[in-house]
Structures are given as C-alpha cells and as structure tokens.
There are 2 protein chains.
Amino acid sequence: MADKTTVAPAEPRVTPKSAYHHGDLRAQLIAAVRDLVETHGPDGFSVAEAARRAGVSSAAPYKHFKDRHEILRGVVSEAMDRLHAAMRSGAAAHATGSLEAVAAVGQAYVNFARAEPGVFRLVFGLTEGHENAPDLLKKGENCFGVVVEAAAACLELAPQHPDVQRRAYILWSFVHGHSFLTIDMKHKVASAEVDDWQYLMEVARAILGPVERTG
Amino acid sequence: MADKTTVAPAEPRVTPKSAYHHGDLRAQLIAAVRDLVETHGPDGFSVAEAARRAGVSSAAPYKHFKDRHEILRGVVSEAMDRLHAAMRSGAAAHATGSLEAVAAVGQAYVNFARAEPGVFRLVFGLTEGHENAPDLLKKGENCFGVVVEAAAACLELAPQHPDVQRRAYILWSFVHGHSFLTIDMKHKVASAEVDDWQYLMEVARAILGPVERTG
DNA sequence: CAGCTAAAGTTAGCAATTCTTACATTCATT
DNA sequence: AATGAATGTAAGAATTGCTAACTTTAGCTG
C-alpha cells in the first residue's frame, strides 16, 4: 500500500501537466510543515493545520503520507539534503586541505542551525522517525562524510584512517554542540555570528593541527 | 495564581500527615512524566496518561500546573538539578585543576545523556518552555559554571577570564554535541562507553593544553 | 472516443487529548 | 465545630490523528 511512498519520489514530476487535483500536494505539505515547525516549534505542528495551509481537507495528507511521522520524516529528508549541499559548497569555497575548508563546513552547519532552528532541532531531535528510516541515517552519514573528507585532505591521510575518523568526529561534535547551544540558549559567549569563524578556526587548529598520536 | 508553583516546592512536606487527597501529586506527576518521556519519547507523553498513572482524574494535574508545558518544565528543572549535581561530583572526584577533573565533568554529562536520553533531549529540546522560564536558564548557566570552574582551575586563571570562558564553552560544545550524537544515531565511532574517557581527555588536552593566545 | 482503473480528493465520524467550568471533599486554622 | 483554601472529580467544548466510504479526475486501452 503505502510502501513506495516511504522513500519519497524525490522528484515530483517537476511540473504536473495540468495540475492534478491540486498540483503536487506532497511538496506543498512538506513546505507547509517546514514553515509550521519553524514558526511554532517542532511540536507546534499539526497535520490539520498543514492541510489547511495547503488548501485541502484534513484527510488529504493521508493519501501521501502514512501518518504524521512520515510527514516529519519528509521534512527532515529535505532539510538534510539542503544541509548536505550547504556543507559541500562551504568546503568547495576554500582550498582543498586547508583549515579554512574545514571551518567552512562547520560554518555552513551553524548557519543552517541559525537560519532554521526549528527544522534543525527537528532533524536531530526526531526520535521515532529515525529507527524506521535508514535513508535518513544514510543522509546523516553523508553529512559526516563531508567533514571526514575535509579533515582527511587536511591531514593528508585516507578518509578511512582511524585518526581521521576520530578527529572528524570530534570536530563534528563541537560544531553540533555549538549549533545547539547557540539556538537553544544563545549563550553570551556565542551570541554574535562573527565569533563563529574564530571559534571554528581555533578548534580546527587545535584538533587537526599538530598530529599527536594517541595510545 | 500559579506563580509560586513555577519553581516547585522542592521538598513536598516530605510525608503528608495522612495522605491528603492523594499525597503529594506534584512530585508523582513529574515522576510519571519523566518515565513517559523516557520510554515513549519526548512527544509520546500526555497529561492524561500521567494522571492515569498517578491514579487521579485527568483534570487533577491542572491544579498543580498551568498547562502541559509547565509539567515538562518541572521535569526539566528536576533533571537539571540532577545533572548539575552529577557534574559537580564528577569534578570533585579528581584533583582540582587536573585535566581529569575537566574530563570527569564531561563524562558525567555524557553519562546522563546515555542514562536518560529522552529526558536529556527534553531538557535541551524544549522550545516553548525556555523563554518564560528564567530559572531554567539560570540552572543551565550553573551547569556551564561547573565547566568554567574546572577549566579555570586547570588554566590557573580566574573564571571570569575571557580565555577561560571561551575554552570552557568550546569544551561544553564538544561534550554537548557528543552527547547528542551518541544518543541520536549512536555513531560507530562513539558507540562504546569506554571510548568516552579517551575522547574527553584528548579534547581537554587539545583545548586546555598549550595556552596559545588568539587575536 | 467510450470505458475502465487507480490516484487523489472530500465528507463524516470515532477515539483521544488539552484545558475550562462547576461542583464536591478534605485539611488546617480559629 | 465552622469556615476558607487547597485539592480532587465530573462533564463538556474544541482540536487533532486517523479511518472508512464515496466521488472525481487522469491516463491508459480497446
């Protein structure tokens, strides 16, 4: 029944010839939910309100999504695609192997969190969506892969090297935590956007700088 | 009206003489909600279910809490007290000024997240509770204060020193991010608890180690 | 082009939830 | 004992998640 809809068509036929009943409701619902999550918080969202915004009845969404969680997963999936793209283009804006490239990946991450705190929180706060969604897990790992690649280039080691993996994870942890703390309680120390770059460079230098073997 | 109940009595008269109508419902509701949040996820909680578990009618909770958000805030407040205590006792278990003391604070943080992922997520994922709750903000800053103190002792500087603040924030970001990533997607790199200490020490060393002035 | 099928939408409705209002009970103090 | 405030219940309004049954339209086929 609703098996193929789980993964999402990804490309909604771009332009449906003559506007179905509605057009393509799926994308519009995801957009509406994204907006709701952003303005009213991750829990201040309802399928009914999303349907209302899309101009359809409250039962229509269930033709496209199994349940409310699947809609949220759709939002998360779309958001992760954008996050991934932002991270990649952040890295690409600097010389391969430079600390700046690493910092830029982190900056893209933080920028995303700042720009869409509600969605960001949803992406990483979704609990019951993650288990049944291997595609989301993979997208998460792809994002981590961008960090790994930048770190590997910086250390001039293979991405599979455990030292690279470990350091990349440390960097990711910092950026992830910084993003959350920033949007959560906008701590004084990390209030201004200007500070981000300084922080990111400092941490990248501290973690990737002098290679000291552990163990 | 519901002003004094915001902060919570903290000690509920210990043992009410002959069991009021109920005993002390407030603490029991918080406990029930904490359990629900832990088992069914942060969103899988309902006032009705909590009341059911406490053996009272579904309207009873509203005599103690203004609305469902205030109950959650109660859970968060209680959880932050425990987190704060754990962090302090973690630091106290090691020599003042040692890197181990810093790492132990982080370890306590991570342990909490692992032990109560649902509550942990609730504490830092609560959106509509934070604005109207300056006491929660303060408790959060108190937790940060533990990190600052440990870092200050380690660097032999005053806690107010900007260098201390900045480095403490970086450490906190890492631990915070690591905690989230661990419970979110239990990334392979950070699966075993044994790794925590190694990570924490490595980061503490990298951040607090050689004092290099920035700017 | 008629006609069939499946997709995509609607209306109606159930069960559950949040929160309010009005009422009942019990504690604690005088 | 009697009263006032705290604490509970019962009942109900509004909203939501989701299902069932029905209708419309798109797109294919003969």
Side-chain angles (χ1 to χ4, degrees), chain A residues 1-6 8-9 11-30 32-33 36-37 40-75 128-129, chain B residues 1-6 8-9 12-30 32-33 36-37 40-75 128-129 132:
Chain A
M1 277 292 185
D3 267 326
K4 57 150 70 119
T5 66
T6 303
E11 58 267 26
R13 283 78 184 280
V14 194
T15 37
K17 303 202 160 173
S18 70
Y20 250 134
H21 267 130
H22 178 94
D24 60 335
L25 184 58
R26 187 189 172 92
Q28 216 159 318
L29 280 174
I30 288 184
V33 169
L36 280 172
V37 163
H40 296 83
D43 21 345
F45 128 83
S46 76
V47 179
E49 178 65 21
R52 220 170 284 134
R53 291 205 177 187
V56 295
S57 76
S58 63
Y62 294 95
K63 298 290 176 176
H64 294 268
F65 301 93
K66 185 183 128 218
D67 56 10
R68 72 194 303 275
H69 299 300
E70 194 167 281
I71 306 184
L72 287 177
R73 258 177 280 155
V75 175
E128 47 249 288
Chain B
M1 280 289 184
D3 267 325
K4 54 148 72 120
T5 67
T6 303
R13 282 79 182 278
V14 196
T15 35
K17 303 203 162 174
S18 70
Y20 247 135
H21 269 128
H22 177 94
D24 61 335
L25 184 57
R26 187 186 171 94
Q28 216 160 318
L29 280 174
I30 289 183
V33 169
L36 279 172
V37 163
H40 297 82
D43 20 345
F45 127 85
S46 76
V47 179
E49 177 66 20
R52 220 169 285 134
R53 291 205 178 189
V56 294
S57 77
S58 63
Y62 295 94
K63 296 291 176 175
H64 295 268
F65 301 94
K66 186 184 127 216
D67 55 9
R68 71 195 304 275
H69 299 299
E70 195 167 281
I71 305 186
L72 288 176
R73 259 177 280 154
V75 175
E128 47 247 289
N132 307 336

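Numbered from 1 within each chain, the chains take letters A, B, ... in sequence-line order.
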Problem set entry | B:Gln28 side, atom CD; B:His64 side, atom NE2 - distance, nearest 0.5 Å | 10.5 Å

Exercise. For the pair made of NZ in B:Lys66 and P in C:dT18, what is the distance, rounded to whole Å?
Worked result: 15 Å

Seminar exercise, completed: From the candidates D:dT16, C:dC19, C:dA8, the one with an atom nearest any side-chain atom of B:Asp67 is C:dC19

Exercise. With respect to the side chain of B:Leu25, which nucleotide from D:dT16, D:dG8, C:dT18 is positioned closest?
Worked result: D:dG8

Exercise. B:Ala59: what forms a side chain to side chain contact (heavy atoms under 4.5 Å, CB included) with it, not counting sequence neighbours?
Worked result: B:Ser57

Seminar exercise, completed: Rounded to whole Å, NE2 of B:His40 lies from P of C:dT17 at a distance of 11 Å

Problem set entry | For A:Pro61, all residues meeting side chain to side chain contact (heavy atoms under 4.5 Å, CB included), sequence neighbours excluded | A:Leu29, A:Val47, A:Ala51, A:Ile71

Problem set entry | Whole-Å distance separating the OH atom of A:Tyr62 from the C1' atom of D:dC22 | 19 Å

Problem set entry | From CG (B:Asp43) to CG (B:Leu36), nearest 0.5 Å | 12.0 Å

Seminar exercise, completed: Here the pair of heavy atoms bringing A:Glu70 nearest to A:Phe65 is OE2-CA, 3.4 Å

Exercise. For D:dA6, does either OP1 or OP2 sit under 4.0 Å from a side-chain N or O belonging to B:His64?
Worked result: no

For this session: Measure from NE2 on A:His69 to P on D:dT16 and round the result to the nearest Å.
Result: 16 Å

Seminar exercise, completed: Its contact letters, B for base, S for sugar-phosphate only and - for none at protein heavy atoms under 4.0 Å, make nucleotides 10-16 of chain C read BB-----

Exercise. How many Å lie between CZ on A:Arg68 and P on D:dT15, as a whole number?
Worked result: 17 Å

Problem set entry | Atom-to-atom span, CD of B:Glu49 to P of C:dT17 - whole angstrom | 7 Å

Exercise. Rounded to the nearest Å, what distance is computed from the CG atom of residue B:Asp43 to the P atom of nucleotide C:dT17?
Worked result: 14 Å

Seminar exercise, completed: A:Phe45 atom CZ is separated from D:dT15 atom P, nearest whole Å, by 18 Å

Exercise. Which heavy-atom pair separates A:Tyr62 from A:Asp67 by the least distance, and what is that distance?
Worked result: CE2-CA, 4.2 Å

Seminar exercise, completed: Across all chains, not counting sequence neighbours, the salt bridge (charged side-chain N to carboxylate O under 4.0 Å, His left out) partners of A:Arg53 are A:Asp35, A:Glu49

